[in-house]
Novice: 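Mind having a look at this structure? Questions to follow.
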2 protein chains.
Amino acid sequence: MSEVAATGISVLLVDDHPIVRQGYRRVLESQGDLHVVAEADNAADAYGAFKAHDPDVVLLDISMPGASGLEAIRNIRARSPRARILVFTMHNEAVLVKAAFGAGASGFVTKSSEPSAVVGAIRAVARGERAMSDDIAHILAEDSLSAGSALDQLGEREIEILRQFAGGATTEQIAAHLNLSVKTVQNYHYLIKTKTGARTDAQLVRLAATCGLTRI
Amino acid sequence: MSEVAATGISVLLVDDHPIVRQGYRRVLESQGDLHVVAEADNAADAYGAFKAHDPDVVLLDISMPGASGLEAIRNIRARSPRARILVFTMHNEAVLVKAAFGAGASGFVTKSSEPSAVVGAIRAVARGERAMSDDIAHILAEDSLSAGSALDQLGEREIEILRQFAGGATTEQIAAHLNLSVKTVQNYHYLIKTKTGARTDAQLVRLAATCGLTRI
DNA sequence: TTGCAGCTCGGGCAAATTTCCCAAGCCGGA
DNA sequence: TCCGGCTTGGGAAATTTGCCCGAGCTGCAA
């Protein structure tokens with residue numbers, strides 16, 4: 001398996017942009033101790049590549065079309081709990097970060113990070129540590145002072161209302177469909193936002209979509 | 001001026017992600033005839049770097065925070081009509097492509113393109129030709145045949161605000177990024193809803209996602 | 001049995017936002 | 001030149017949000 005660990009760190013690159021992958025590959029391999037052993041351009045291929053190459057670290061961009069990157073994390077971790085997955089994306093929303101860690105990611109760095117920080121994070125997760133970039137740490141820290149946790153903290157009713165809301169239903173339509181007062185739906189709406197840490201309706205929709213609650 | 005043209009093509013890289021820039025630099029410079037003479041991480045710095053280095057080609061990612069990338073194109077072209085700007089982004093919405101060419105871009109390639117296609121496009125625009133990747137050509141072709149998407153009725157400013165909104169930004173954040181008053185952003189928000197027929201914010205996010213304006 | 005905890009459902013009320021309508025500056029085309 | 005469209009924002013009423021509250025249920029544990 002990861003016999004290369006003695007001589008360096010093997011990395012699986014998952015990103016849907018070919019030139020971006022090639023760029024990362026060159027940046028990483030110029031480090032000396034990092035070796036890109038495989039690439040994948042979608043979540044579905046990611047697990048196959050993981051199984052075939054058993055890399056020390058998976059560098060994963062979760063903003064991919066098609067299947068959710070979160071699903072890819074869960075997929076890989078479910079079959080290989082030892083897998084080290086470093087999420088690498090331009091998104092920096094607290095709900096996404098928490099969802100990624102909840103799905104089993106070992107680290108989360110944004111593309112705004114300096115290359116040295118990214119490389120450092122790869123080495124950290126390869127050592128089994130948890131890693132995140134400074135901006136992510138700040139976002140999580142601020143978030144933890146105000147909000148609770150992610151989507152699985154929601155009750156059944158809240159999930160149902162979130163699903164309909166994210167599907168495009170108005171408050172009135174949800175209330176009519178569930179035989180609730182508009183006020184109750186509004187209260188659930190507010191409750192869902194505070195529970196998930198979403199600051200806007202758009203973030204709520206994105207969260208619902210990334211968690212597979214709704215399809216877009 | 002561009003005396004390096006005899007020995008190669010000088011390129012200015014504009015992208016807000018440091019590691020992405022570094023990756024592109026390595027990919028381009030491995031070609032032999034391409035030289036990255038400068039980098040910028042925002043639209044404001046892009047023109048300064050352009051003036052200082054007079055590159056043959058500007059490789060520009062228009063999905064940057066702060067001022068619109070389209071503005072950067074117009075900025076550079078207004079002062080240096082000979083500038084060759086190759087837009088390089090993960091977005092592939094027809095309205096964006098048309099807006100970019102309308103603003104004075106010489107080419108448009110997506111990050112889904114093969115590196116060889118990107119390099120080919122750089123050489124093409126350096127020769128003064130117009131260039132676009134295959135997927136963009138298909139999208140433009142289909143668009144010219146169809147009645148047009150819901151986003152076609154939106155102005156460039158509206159598109160930019162919709163993108164940021166659907167990406168999860170708050171009204172205040174959008175206003176700060178674009179140097180607008182909160183009131184103006186609110187007005188755009190309302191205008192976008194009425195123009196597209198969206199009744200809720202969630203529908204707006206879904207619309208933006210289905211049109212490729214934002215990715216979830 | 002009592003009691004606690006958590007979900008569900010809604011009222012209340014101040015603060016914020018949305019919804020429209022309007023106006024002014026700018027720019028490009030007829 | 002005039003018209004139309006884009007951009008930017010003010011104003012004011014209507015609506016929603018943010019956050020507090022209580023009350024009825026259920027399940028579970030002491």
Side-chain angles (χ1 to χ4, degrees), chain A residues 143 145-166 168-205, chain B residues 43 66-75 77-78 81 95-96 98-104 148 150-166 168-205:
Chain A
D143 181 81
L145 293 180
S146 54
S149 1
L151 189 74
D152 25 66
Q153 305 277 348
L154 297 183
E156 211 175 294
R157 209 71 209 209
E158 292 160 338
I159 291 281
E160 181 57 32
I161 288 175
L162 173 56
R163 185 204 312 284
Q164 294 195 28
F165 169 76
T170 66
T171 302
E172 283 86 358
Q173 287 170 341
I174 297 174
H177 193 257
L178 298 181
N179 262 83
L180 296 175
S181 77
V182 168
K183 180 61 188 175
T184 297
V185 177
Q186 289 174 337
N187 275 337
Y188 272 116
H189 191 325
Y190 166 71
L191 205 60
I192 293 167
K193 275 212 251 183
T194 59
K195 277 193 179 181
T196 59
R199 319 245 300 103
T200 69
D201 286 352
Q203 288 178 17
L204 220 45
V205 175
Chain B
S68 154
L70 293 177
E71 236 168 277
I73 298 176
R74 236 177 264 107
N75 232 325
R77 291 280 302 194
V95 284
L96 253 188
K98 288 192 278 193
F101 278 117
L151 295 186
D152 278 344
Q153 23 183 351
L154 298 184
E156 167 189 313
R157 205 63 165 168
E158 292 159 339
I159 290 279
E160 179 61 29
I161 288 176
L162 174 55
R163 186 212 315 288
Q164 294 195 27
F165 168 76
T170 67
T171 302
E172 284 85 358
Q173 288 170 340
I174 297 174
H177 280 157
L178 299 181
N179 258 75
L180 295 175
S181 77
V182 168
K183 179 64 186 174
T184 297
V185 177
Q186 289 175 337
N187 276 336
Y188 271 116
H189 192 322
Y190 168 70
L191 202 61
I192 293 167
K193 276 212 248 182
T194 58
K195 276 193 179 182
T196 60
R199 319 243 299 100
T200 69
D201 286 352
Q203 290 177 17
L204 221 45
V205 176

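Letters A, B, ... mirror the listed sequences (proteins, then strands); counts begin at 1. The shown structure was predicted, so the numbers you read here are calculated from the model rather than taken from an experiment.
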Novice: Please work out if A:Glu160 contacts a base, only the sugar-phosphate, or nothing of the nucleic acid, heavy-atom cut-off 4.0 Å.
Specialist: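 Result for A:Glu160 = nothing.
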Novice: In whole angstroms, how far is the C1' atom of D:dC19 from the CD1 atom of A:Ile192?
Specialist: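 Taking CD1 of A:Ile192 and C1' of D:dC19, I get 16 Å after rounding.
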Novice: Taking only the side-chain heavy atoms of A:Arg157 (C-beta and beyond), determine which of C:dT17, D:dT8, C:dT8 contains the nearest atom.
Specialist: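 The answer is C:dT8.
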Novice: At less than 4.0 Å, is any side-chain N or O atom of B:Thr184 found next to OP1 or OP2 of D:dT8? Yes or no.
Specialist: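 No, B:Thr184 has no side-chain N/O under 4.0 Å of OP1/OP2 on D:dT8.
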Novice: For a quick check, tell me whether the side chain of A:Lys183 and the base of D:dG18 share a donor-acceptor pair closer than 3.5 Å.
Specialist: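 Donor-acceptor pair under 3.5 Å: yes.
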Novice: Please determine, for the side chain of A:Ser181, which listed nucleotide (C:dG10, C:dT19, D:dG9) has the closest atom?
Specialist: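 Of the candidates, C:dG10 comes closest.
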Novice: What heavy-atom pair brings A:Gln164 and A:Leu178 nearest, and what distance separates the two atoms?
Specialist: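 The answer is NE2-CD2, 3.7 Å.
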Novice: Salt bridge check: are B:Glu156 and B:Arg74 linked by an N-O gap of less than 4.0 Å?
Specialist: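 Yes, B:Glu156 and B:Arg74 are salt-bridged.
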Novice: Grab the CD-C1' distance between A:Glu158 and C:dC9 for me, whole Å please.
Specialist: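 Atom-to-atom, A:Glu158 to C:dC9, this comes out as 12 Å.
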Novice: I'd like to know if A:Glu160 and A:Arg157 make a salt bridge, using a cut-off of under 4.0 Å between side-chain N and carboxylate O.
Specialist: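 A salt bridge is absent here (no side-chain N lies under 4.0 Å from a carboxylate O).
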Novice: Checking the side chain of B:Thr184 only, and the main-chain atoms of B:Leu180 only, is there a donor and an acceptor separated by less than 3.5 Å?
Specialist: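 No: the side chain of B:Thr184 does not pair with the backbone of B:Leu180.
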Novice: Within this structure, what is the CD1-to-P distance between A:Ile174 and C:dT8, rounded to whole angstrom?
Specialist: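 Atom-to-atom, A:Ile174 to C:dT8, this comes out as 15 Å.
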Novice: Is A:Asn187 side chain donor-acceptor paired with the D:dG18 base, going by distance under 3.5 Å alone?
Specialist: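 No, the side chain and the base share no sub-3.5 Å donor-acceptor pair.
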Novice: Look at A:Lys193 and D:dG18 and indicate whether a side-chain polar atom (N or O) is within less than 4.0 Å of OP1 or OP2.
Specialist: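 The answer is yes; a side-chain N or O of A:Lys193 sits under 4.0 Å from OP1 or OP2.
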Novice: State whether A:Tyr190 places a side-chain N or O below 4.0 Å from either non-bridging phosphate oxygen (OP1 or OP2) of D:dC19.
Specialist: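 Yes, A:Tyr190 has a side-chain N/O under 4.0 Å of OP1/OP2 on D:dC19.
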Novice: What's the shortest heavy-atom distance between B:Thr200 and A:Ala169, and which atoms?
Specialist: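 Residues B:Thr200 and A:Ala169, closest heavy atoms: CG2-O, 4.0 Å.
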Novice: Rounded to the nearest angstrom, tell me the gap between atom CG in A:Asp201 and atom C1' in C:dT17.
Specialist: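 Value for this atom pair: 11 Å.
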Novice: Over how many whole Å does the gap from A:Gln186 atom CD to C:dT8 atom P extend?
Specialist: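 Computing the A:Gln186:CD to C:dT8:P distance gives 18 Å.
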Novice: Could you tell me the separation between the CG atom of B:Leu191 and the C1' atom of D:dG9, rounded to a whole number of Å?
Specialist: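 Value for this atom pair: 13 Å.
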Novice: Using whole Å, report how far OH of A:Tyr188 lies from C1' of C:dG6.
Specialist: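 After rounding, the gap between these two atoms is 11 Å.
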Novice: What is the separation between atom CD1 on B:Ile161 and atom C1' on D:dT7, rounded to the nearest whole Å?
Specialist: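 Roughly 10 Å, once rounded to whole Å.
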